[in-house]
Enquirer: 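The structure follows.
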Amino acid sequence: MTTILLAAVLVAVAALVVGAVALVTLLRRTAAPSDEQSRQLLDEARSQAASERDAAIRAALEQSAVLNREALGAQVAATHAELDAKKALIDARLEAVSDDMGAQLSRVEAQLTELSRSNAVSLGQVSEQLQMHASTTRSLADTTQGLREALANSKTRGQWGERMAEDVLRLAGFVEHINYEKQIAVEGGRSIPDFTFMLPKGHVLYMDVKFPLSAYLRYLQATTDDERSRERQQFLRDVRLKVKDLARRDYLDRARITCDQLLLFIPNESVSAFIHECDPSLIDDALRDKIVFCSPLTLFAMLGVIRQAFDTVMLEQTSDEVLRLVGALRTQFDKYTEAVDKLGKRLDSVQSAFDDLNGTRRRALERPLAKADELRRERGLAIAPDLAPGADVYDLHEELGA
């Protein structure tokens with residue numbers, strides 16, 4: 001576009017130059033014109049120059065328009081070609097994207113189908129589990145209701161506490177009639193503890209499992225704050241009355257060899273935590289009365305300590321017995337050594353006597369015998385047949401005795 005404008009400007013300048021030259025030539029051909037004629041000639045020259053300029057400008061503009069149309073056509077054609085190439089590229093890319101999207105949509109559709117199927121299966125399993133859970137919940141509710149009704153009876157609560165305590169004892173490795181006894185009256189008294197633990201060196205430890213729970217159960221069923229507060233205070237009063245009742249009994253009589261403590265078994269961890277939370281001073285008051293609260297977990301720990309103490313004492317007793325046996329063995333070994341020494345001395349004496357017999361006494365006997373044999377040989381006497389060498393001396397003695 002800039003080149004076309006430059007060409008139009010050059011054409012206009014050329015037209016002006018041509019007009020100026022024509023004007024000069026006309027003036028030179030006219031001989032000494034007057035002022036009026038000069039002005040007319042000048043006006044005519046100007047008019048002619050203006051018309052030529054306008055004609056040159058029109059021609060330049062027409063040429064510029066032609067050139068513009070040609071350049072615009074070429075540019076439009078190039079643009080069309082470029083757009084066609086881009087369109088083809090875009091179409092190819094769109095086709096590839098379409099194919100890729102189709103494949104991805106197929107995979108997504110397959111995944112959605114699989115997910116729908118798995119969701120249907122999962123929902124079926126969840127529904128089945130919810131039904132089982134509902135059934136279990138109903139069964140648990142029935143069991144809880146039955147347990148609540150059973151625990152409303154004091155005798156049933158005592159049996160339940162004994163069963164809980166026995167489970168803990170079994171887990172701790174305690175054996176009835178070996179480590180503990182049930183429902184055995186205290187020696188020389190009238191009280192009957194639920195459990196009596198046999199400890200080393202003749203000591204015993206008592207435990208009571210009867211625990212007041214009626215007010216606590218009513219507290220759990222309460223629907224208002226006032227009712228819960230009233231039942232909570234009643235439960236704590238019941239526990240204090242239980243502690244006082246145990247303190248008045250003869251479990252801790254000094255006349256018997258007992259541990260200076262009495263265990264009160266709380267058959268539920270929630271109840272134990274409830275007491276510690278609502279009235280911590282109750283625990284301290286019970287300890288002053290030599291009564292120790294123990295839940296299933298704390299009872300297990302206490303029994304472990306008791307078992308360890310029992311094993312330690314048994315090991316101590318075994319060690320003492322071994323030491324006593326070693327002392328008795330030392331005494332017997334000293335006696336054995338003394339007897340061996342005496343036997344050795346006696347054997348030395350016998351050996352000395354034997355040497356004396358075999359030496360001095362034999363020689364003393366052989367001398368007269370040798371002289372007797374010499375006299376017998378000198379006189380030519382033979383040895384009696386019964387006394388000849390090889391004769392049976394034992395038979396001879398029997399004959400002489402006969």
Enquirer: For the CD atom of Q234 and the CG atom of L236, what is their distance to the nearest 0.5 Å?
Expert: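 That separation rounds to 9.5 Å.
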
Enquirer: Give the C-alpha distance, both sets of side-chain angles, the deciding distance and a yes or no for side-chain contact (heavy atoms from CB on, under 4.5 Å) between S214 and D238.
Expert: CA-CA 9 Å; S214 300; D238 292 343; 5.7 Å; no

Enquirer: side-chain contact (heavy atoms from CB on, under 4.5 Å) between V239 and F211: does it pass, once the steps are laid out?
Expert: CA-CA 8 Å; V239 176; F211 197 79; 3.9 Å; yes

Enquirer: State, yes or no, whether a side-chain contact exists between K210 and K242 at a heavy-atom distance under 4.5 Å.
Expert: yes

Enquirer: Looking at side-chain heavy atoms only, is the closest gap between F195 and K182 below 4.5 Å?
Expert: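 Yes, close enough: below the 4.5 Å cut-off.
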
Enquirer: So, do L263 and D208 sit near enough that their side-chain heavy atoms are less than 4.5 Å apart?
Expert: no

Enquirer: Mind checking ring pair (Phe, Tyr, Trp, His ring centres under 6.0 Å) for Y216 and listing every partner two or more places apart, or none if nothing turns up?
Expert: F235, F274

Enquirer: Does the side chain of P296 come within less than 4.5 Å of F265's, by heavy atoms?
Expert: yes

Enquirer: How about R237: does its CZ atom have over 12 heavy atoms from other parts shown lying under 6.0 Å from it?
Expert: yes

Enquirer: Taking atom types as modelled, is there a side-chain donor on E181 or T196 under 3.5 Å from an acceptor on the other?
Expert: no

Enquirer: Could you give me the CA-CA distance, side-chain angles and deciding distance for F293 and T298, then say whether side-chain contact (heavy atoms from CB on, under 4.5 Å) is met?
Expert: CA-CA 9 Å; F293 286 8; T298 56; over 6 Å; no

Enquirer: T79 side chain to Q75 main-chain N or O, any donor-acceptor pair under 3.5 Å?
Expert: yes

Enquirer: If the plane angle is over 60° it's perpendicular, under 30° parallel, otherwise tilted; pick one for Y180 and F174.
Expert: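 Geometry flag for F174 against Y180: tilted rings.
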
Enquirer: Which heavy atom of P267 sits nearest a heavy atom of M164, and at what distance?
Expert: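 Where P267 meets M164 most closely, the heavy atoms are O-CE, 3.5 Å.
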
Enquirer: Which heavy-atom pair separates M207 from L299 by the least distance, and what is that distance?
Expert: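 Smallest heavy-atom distance, with atoms named: SD-CD1, 3.8 Å.
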
Enquirer: Once side chain to side chain contact (heavy atoms under 4.5 Å, CB included) is applied, do any residues pair with R248, and if so which ones, sequence neighbours excluded?
Expert: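 Side chain to side chain contact (heavy atoms under 4.5 Å, CB included) check on R248 returns K244, D245.
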
Enquirer: With the side chain counted from C-beta on, respond yes when D279 and R240 share a heavy-atom pair under 4.5 Å apart, and no when they do not.
Expert: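 In contact.
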
Enquirer: What residues, two or more places apart in sequence or in another chain, satisfy side chain to side chain contact (heavy atoms under 4.5 Å, CB included) together with H276?
Expert: S272, I283

Enquirer: To the nearest 0.5 Å, what is the distance between CG on L264 and CG on D194?
Expert: 10.0 Å

Enquirer: Tell me, which pairs form a side chain to side chain donor-acceptor pair (under 3.5 Å) where one or both residues lie in residues 337-350, sequence neighbours left out?
Expert: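 For residues 337-350, and leaving out neighbouring residues, there are no side chain to side chain donor-acceptor pair (under 3.5 Å) pairs at all.
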
Enquirer: Within this structure, what is the CG-CG distance for the pair D289 and L246, rounded to the nearest 0.5 Å?
Expert: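 D289 atom CG to L246 atom CG measures 9.5 Å (nearest 0.5 Å).
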
Enquirer: Has the side chain of S118 got a donor or acceptor atom that lies under 3.5 Å from a matching backbone atom of L115?
Expert: yes

Enquirer: If the condition is side chain to side chain contact (heavy atoms under 4.5 Å, CB included), which residues does K371 pass it with, not counting sequence neighbours?
Expert: none

Enquirer: Does K87 come within less than 4.0 Å of D84, counting only side-chain N to carboxylate O?
Expert: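 No, this pair does not count.
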
Enquirer: Does the distance from a Lys or Arg side-chain N to an Asp or Glu carboxylate O, for R170 and E166, drop under 4.0 Å?
Expert: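 No salt bridge links R170 with E166.
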
Enquirer: Can you name the side chain to side chain contact (heavy atoms under 4.5 Å, CB included) partners of E128, sequence neighbours left out?
Expert: M132

Enquirer: So do the side chains of R107 and Q104 get within less than 4.5 Å of each other, counting heavy atoms only?
Expert: yes

Enquirer: Let's go through L262 and R249 carefully: what are the C-alpha distance in whole Å and the side-chain angles of both, what is the deciding distance for side-chain contact (heavy atoms from CB on, under 4.5 Å) to 0.1 Å, and is it a yes or a no?
Expert: CA-CA 11 Å; L262 171 66; R249 297 187 184 183; over 6 Å; no

Enquirer: Are any non-hydrogen side-chain atoms of I184 and P193 less than 4.5 angstrom apart?
Expert: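 No, too far: nothing below the 4.5 Å cut-off.
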
Enquirer: Take atom CD of E109 as the centre, draw a 6.0 Å sphere, and report whether it contains more than 12 heavy atoms from other residues, nucleotides or ligands.
Expert: no

